[in-house]
Asker: 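Can you read through this structure? Questions will come right after.
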Amino acid sequence: MGLDASQSSSGQRQTSSPDAAIQHPPRKQHFLRRIRPASALVPLVAGALVLGTTQLWGPGAGHRLDDAAMSAAPTYTIGLQPPQDPGPFPGSVTPTSATITIAGQRDGESTFKVVKYDQVQPKNPGRMDFDHFHTGIEIQWWLRKWAHERPDIVDLHIVGESYSGQPIYQLTITDKSTGKDTDKPAAYFEGNRHSGEVSSAESSLWLAHHLITQAGKDQKVDKLLDDKAVYIRPVNNPDGHDMYLYTAQTNRSTVRPDDNDGDGKRDEDPGEDLNDDGYLSQMRQYVGAGKGTHVVDTRDPAGNAMLSVGAGKGDYLMFSEGIDNDGDGRYNEDGVGGLDLHRNYPYNWHVMPADDATGRNLTQGGAGEYPLSEPETRHVYTWLMSHTNIAAVNSMDTRVPMHLRGPSTCDPVECMYASDRKLYEHFDKAGVSFTGYRNAGSVYIDYATRNGGQPTALFGHGPDFGYFQYGAVWYGDEIWNGGDYVDYDKDGRYADWERSRWCAENGRTNCFLPWTKVQHPKLGEVEIGGINPKFWSQNPSADLIGTWAANQARFNLYLIDSLPQVGLTEVTAKKLTGTQSDGATHEITATVTNSGRIPTALEQAKEVKIVAPDTVKVDGARTVGAAPQFYLDGGGKQKIRLRVIKTSGDTATVKAVSVRGGLDTASVRLN
């Protein structure tokens with residue numbers, strides 16, 4: 001799930017945390033890169049994820065591209081992309097090569113077989129549907145298509161590169177005829193920071209598709225795009241997204257090699273798809289009654305689920321699917337990557353355990369070498385810091401489900417301003433009304449104690465940076481419930497037998513993979529199966545993703561609607577009689593309002609001075625004295641009096657100016 005740092009890079013639970021230091025510095029950024037076109041795949045250069053029909057890295061492959069390959073590859077420039085027709089829909093939404101090779105120097109395998117999952121195939125190629133998961137190939141085509149067809153409301157940016165050198169795409173959606181995006185209140189939405197949490201990309205796409213296709217048809221959407229700007233980054237981690245949807249592999253967050261098990265080697269023990277079904281699932285070995293740790297759970301009518309009963313009490317031993325490559329007695333505990341892009345933000349960042357010289361302080365697994373060490377996180381940070389008109393953020397994950405936000409290291413009552421906390425609590429309730437999620441609230445209290453236990457700190461978390469340093473409303477919502485539909489035994493928890501029973505009662509045959517016999521190279525005969533790790537445990541089945549994506553997007557629409565929005569009313573001018581000591585000739589009176597639910601600056605934003613005060617300016621006359629400074633609460637207003645000197649003409653333009661509330665103007669006659 002999005003917050004569970006105890007998962008290994010293979011997606012299986014592990015006993016050791018991803019705690020070793022990163023040994024390689026981040027790649028230098030370049031402003032010209034090779035990129036695969038929308039309709040066909042070509043290799044990427046400089047250590048990139050190879051998606052071409054010609055393998056560039058791995059067995060039998062050279063380590064350099066020749067001049068012809070370099071010159072033939074199309075190029076892109078980081079920044080705003082010119083609107084261009086992407087051409088026909090791609091002939092394949094998955095790589096046409098037999099394998100792909102993951103970027104990075106590691107001690108284990110990097111080249112993996114391409115899997116063509118049914119769950120990623122569109123129902124009608126070239127027509128948008130949310131009954132399948134969109135691959136990177138298809139997403140790129142849609143983003144370019146939207147920018148080409150709706151240049152009046154859509155801009156497409158390449159904001160930077162991933163670890164492997166892939167471009168990271170982002171949309172700006174607003175009605176350009178009513179002003180620049182940076183002159184409007186804005187919200188930012190991000191999907192797929194974590195490799196396997198592809199449901200978040202679907203919700204981002206759903207929101208983008210809704211806004212773009214309903215513009216000109218839905219008055220609410222038109223009003224929203226008139227007044228506000230929406231930034232959507234559907235896939236922040238294209239390397240991990242591709243690996244998840246193109247191969248049986250998965251990982252915690254990023255593909256950068258990492259020593260998850262602390263043995264001095266990196267990524268040396270990934271899972272192996274032994275039964276060639278496209279998944280890395282569970283593996284059980286029958287060892288005889290009273291010799292194992294697990295039994296078949298008799299509460300499961302389908303016979304899919306296993307039950308842990310303790311050593312010497314079961315019939316089976318359980319493993320994750322694969323081979324113990326490093327011979328340490330554990331399976332797949334050090335697969336591809338392992339860092340966590342949601343532990344890499346600068347606020348309250350802590351080192352990973354192996355980097356703590358004292359050996360006794362609080363540390364954070366998966367945090368990276370230093371704050372913003374990972375390019376995917378850094379590109380988010382730089383966009384936000386250069387677009388401080390953003391007042392609401394949702395960087396989405398899977399799979400609690402939960403409307404989740406900070407604080408992550410302290411009790412909200414103790415460390416948040418009361419007014420800010422109450423606003424967050426309002427959004428918690430609003431979110432649940434749209435999605436029905438079981439949980440909503442802070443990481444430190446509500447997430448950490450949702451199954452009992454004590455509050456637990458989590459460091460370097462995006463929502464904490466978002467509130468404490470960026471001064472915005474920032475959520476890290478968790479989509480999908482992991483198949484946890486009915487708590488049959490009423491114990492407040494969900495087990496595999498309950499997930500399997502619900503699927504059986506609802507005629508679903510794709511929730512669990514059938515147990516199949518395989519000859520293991522070391523264990524002998526084993527059976528492989530269990531809960532579907534990709535399209536039931538971590539994400540819903542393809543036919544359900546549309547509902548989950550839409551419900552989450554509707555909450556995000558509510559956040560957009562709640563943005564601060566300044567307006568001018570009751571603007572009048574009075575001519576002053578006689579000679580004024582300050583030279584003023586007129587007095588202008590105006591009321592500045594904030595029609596949004598969110599203040600033009602949270603109290604925390606004022607404290608860290610991330611947002612300049614609101615003000616009022618006048619064009620066509622010279623203001624006497626300092627310009628007024630103030631902030632507006634949600635629904636608040638401020639009456640302003642300005643003494644001005646008429647300079648030329650009989651009309652002046654009064655302008656309300658707010659960093660996060662946008663701009664508004666009104667004309668007034670100076671008679």
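The chain is numbered in sequence order, starting from 1.
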Asker: List in chain and number order the residues that pass side-chain contact (heavy atoms from CB on, under 4.5 Å) with Ser395, two or more places apart in sequence or in another chain; answer none if no residue qualifies.
Answerer: Glu190, Arg193, His342, Trp474

Asker: Taking side chain as C-beta onward, heavy atoms only, is Pro346 less than 4.5 Å from Leu372?
Answerer: yes

Asker: Compute whether any side-chain donor of one residue and acceptor of the other, for Asp239 and Ser162, lie under 3.5 angstrom apart.
Answerer: yes

Asker: Distance-only, no hydrogens or angles: does the Thr600 side chain make a donor-acceptor pair with backbone N or O of Leu632 under 3.5 Å?
Answerer: yes

Asker: Please answer whether the main-chain N or O of Asp129 pairs with a side-chain N or O of His134 as donor and acceptor at a distance below 3.5 Å.
Answerer: yes

Asker: Report yes if some heavy atom in the side chain of Leu559 is under 4.5 Å from a heavy atom in the side chain of Asp561; otherwise report no.
Answerer: no

Asker: Taking atom NZ as the centre, does Lys606 end up with more than 12 heavy-atom neighbours from other residues, nucleotides or ligands that are less than 6.0 angstrom away?
Answerer: yes

Asker: Test your reading of the model: is there a side-chain donor-acceptor pair from Ser253 to the backbone of Asp340, 3.5 Å cut-off?
Answerer: no

Asker: Check the angle between the aromatic planes of Trp383 and His387 and answer parallel, tilted or perpendicular using the 30° and 60° thresholds.
Answerer: parallel

Asker: For the pair Glu197 (side chain) and Thr398 (backbone), establish whether a donor and an acceptor sit closer than 3.5 Å, ignoring hydrogens and angles.
Answerer: yes

Asker: List the atom of Pro167, the atom of Pro238, and the distance in Å for their closest heavy-atom pair.
Answerer: O-CG, 4.0 Å

Asker: Only counting residues at least two apart or in another chain, list the ones meeting salt bridge (charged side-chain N to carboxylate O under 4.0 Å, His left out) with Arg641.
Answerer: none

Asker: Would you mind writing out the side-chain donor-acceptor pairs for residues 580-591 within the sub-3.5 Å range, not counting sequence neighbours?
Answerer:
unit_1, atom_1, unit_2, atom_2, d
Gln580, OE1, Arg643, NH2, 3.0
Gln580, NE2, Thr577, O, 2.9
Asp582, OD1, Ala584, N, 3.0
Asp582, OD1, Arg643, NH2, 3.2
Asp582, OD2, Arg643, NE, 2.7
Asp582, OD2, Arg643, NH2, 3.4
Thr585, OG1, Val644, O, 3.4
Thr585, OG1, Lys646, N, 2.9
His586, NE2, Asn671, O, 2.8
Thr591, OG1, Glu570, OE1, 3.0

Asker: Would you say Val616 and Phe630 make side-chain contact, with heavy atoms under 4.5 Å?
Answerer: yes

Asker: Between Tyr188 and Tyr231, does the ring centroid distance fall short of 6.0 Å?
Answerer: no

Asker: side-chain contact (heavy atoms from CB on, under 4.5 Å) with Glu376: which of Asn344, Asn236, Val235?
Answerer: Asn236

Asker: Could you check Asp477 against Asn394 for side chain to side chain donor-acceptor pair (under 3.5 Å), going step by step and ending with a plain yes or no?
Answerer: CA-CA 7 Å; Asp477 284 353; Asn394 206 333; 2.9 Å; yes

Asker: Taking the side chain as every heavy atom from C-beta outward, state whether Asp397 and Ile479 have any pair of such atoms under 4.5 Å apart.
Answerer: no

Asker: For the pair Cys415 and Tyr444, evaluate side chain to side chain contact (heavy atoms under 4.5 Å, CB included) and give the outcome as yes or no after the intermediate values.
Answerer: CA-CA 11 Å; Cys415 62; Tyr444 185 70; over 6 Å; no

Asker: Any side chain to side chain donor-acceptor pair (under 3.5 Å) involving residues 621-639? Give me the pairs, sequence neighbours left out, ordered by first then second residue.
Answerer: none

Asker: Determine, stepwise, if the pair Thr653 / Val618 fulfils side chain to side chain contact (heavy atoms under 4.5 Å, CB included).
Answerer: CA-CA 6 Å; Thr653 300; Val618 179; over 6 Å; no

Asker: Okay, side chain of Asn192, backbone of His194: is any donor-acceptor separation there less than 3.5 Å?
Answerer: yes

Asker: Between Ser658 and Asp614, is there a donor-acceptor pair closer than 3.5 Å when you use the side chain of the first and the backbone of the second?
Answerer: no

Asker: State yes or no: are the ring centers of Phe459 and Trp349 separated by less than 6.0 Å?
Answerer: no

Asker: Ignoring hydrogens and geometry, is there a side-chain-to-backbone donor-acceptor pair from Arg450 to Tyr447 under 3.5 Å?
Answerer: yes

Asker: Please tell me if the side chains of Arg233 and Phe189 come closer than 4.5 Å, counting only heavy atoms from C-beta onward.
Answerer: no

Asker: Test: salt bridge (Lys or Arg N to Asp or Glu O under 4.0 Å). Region: residues 436-447. Which pairs qualify, not counting sequence neighbours?
Answerer: Arg438-Asp484

Asker: Would the distance check show the side chain of Arg660 and the main-chain N or O of Ile390 forming a donor-acceptor pair, the cut-off being under 3.5 Å?
Answerer: yes

Asker: Enumerate the side chain to side chain donor-acceptor pair (under 3.5 Å) contacts for residues 420-431, please, sequence neighbours excluded, ordered by first and then second residue.
Answerer: Arg405-Asp428, Asp420-Tyr467, Arg421-Glu425, His426-Tyr558, Asp428-Tyr475

Asker: Strictly by modelled atom types, are Asp464 and Ser408 linked by a side-chain donor-acceptor pair under 3.5 Å?
Answerer: yes

Asker: Glu607: what forms a salt bridge (charged side-chain N to carboxylate O under 4.0 Å, His left out) with it, not counting sequence neighbours?
Answerer: none

Asker: Are the aromatic ring centres of Tyr381 and Phe465 under 6.0 angstrom apart?
Answerer: yes

Asker: Test side chain to side chain contact (heavy atoms under 4.5 Å, CB included) on Tyr169 and Arg144; report intermediate values, then the result.
Answerer: CA-CA 10 Å; Tyr169 288 91; Arg144 292 189 173 278; 3.2 Å; yes

Asker: Just by modelled atom types, is the Leu384 backbone N or O under 3.5 Å from a matching donor or acceptor in the Thr388 side chain?
Answerer: no

Asker: With salt bridge (Lys or Arg N to Asp or Glu O under 4.0 Å) as the rule and sequence neighbours excluded, what pairs involving residues 173-185 come up?
Answerer: Asp155-Lys176

Asker: Could you work out, with salt bridge (charged side-chain N to carboxylate O under 4.0 Å, His left out) as the rule, every residue matching Lys145, not counting sequence neighbours?
Answerer: Glu149

Asker: Report yes or no: does Ser195 contribute a side-chain atom to a donor-acceptor pair with the main-chain N or O of His241 at less than 3.5 Å?
Answerer: no

Asker: Restricting to salt bridge (charged side-chain N to carboxylate O under 4.0 Å, His left out), what partner residues turn up for Asp85, sequence neighbours left out?
Answerer: none

Asker: Return all side-chain donor-acceptor pairs below 3.5 angstrom for residues 217-227, not counting sequence neighbours, or 'none' if the list is empty.
Answerer:
unit_1, atom_1, unit_2, atom_2, d
Asp218, OD1, Lys220, N, 2.8
Asp218, OD1, Val221, N, 3.4
Asp222, OD1, Gly216, N, 2.6
Lys223, NZ, Asp227, OD2, 2.9

Asker: Determine the minimum heavy-atom distance between Ser204 and Pro234, stating which atoms define it.
Answerer: CB-CA, 3.7 Å

Asker: Applying ring pair (Phe, Tyr, Trp, His ring centres under 6.0 Å), which residue pairs with at least one partner in residues 398-420 are found, sequence neighbours left out?
Answerer: His403-Tyr437, His403-Phe555

Asker: Taking atom types as modelled, find out whether Trp142 and Glu138 have a side-chain donor-acceptor pair closer than 3.5 angstrom.
Answerer: yes

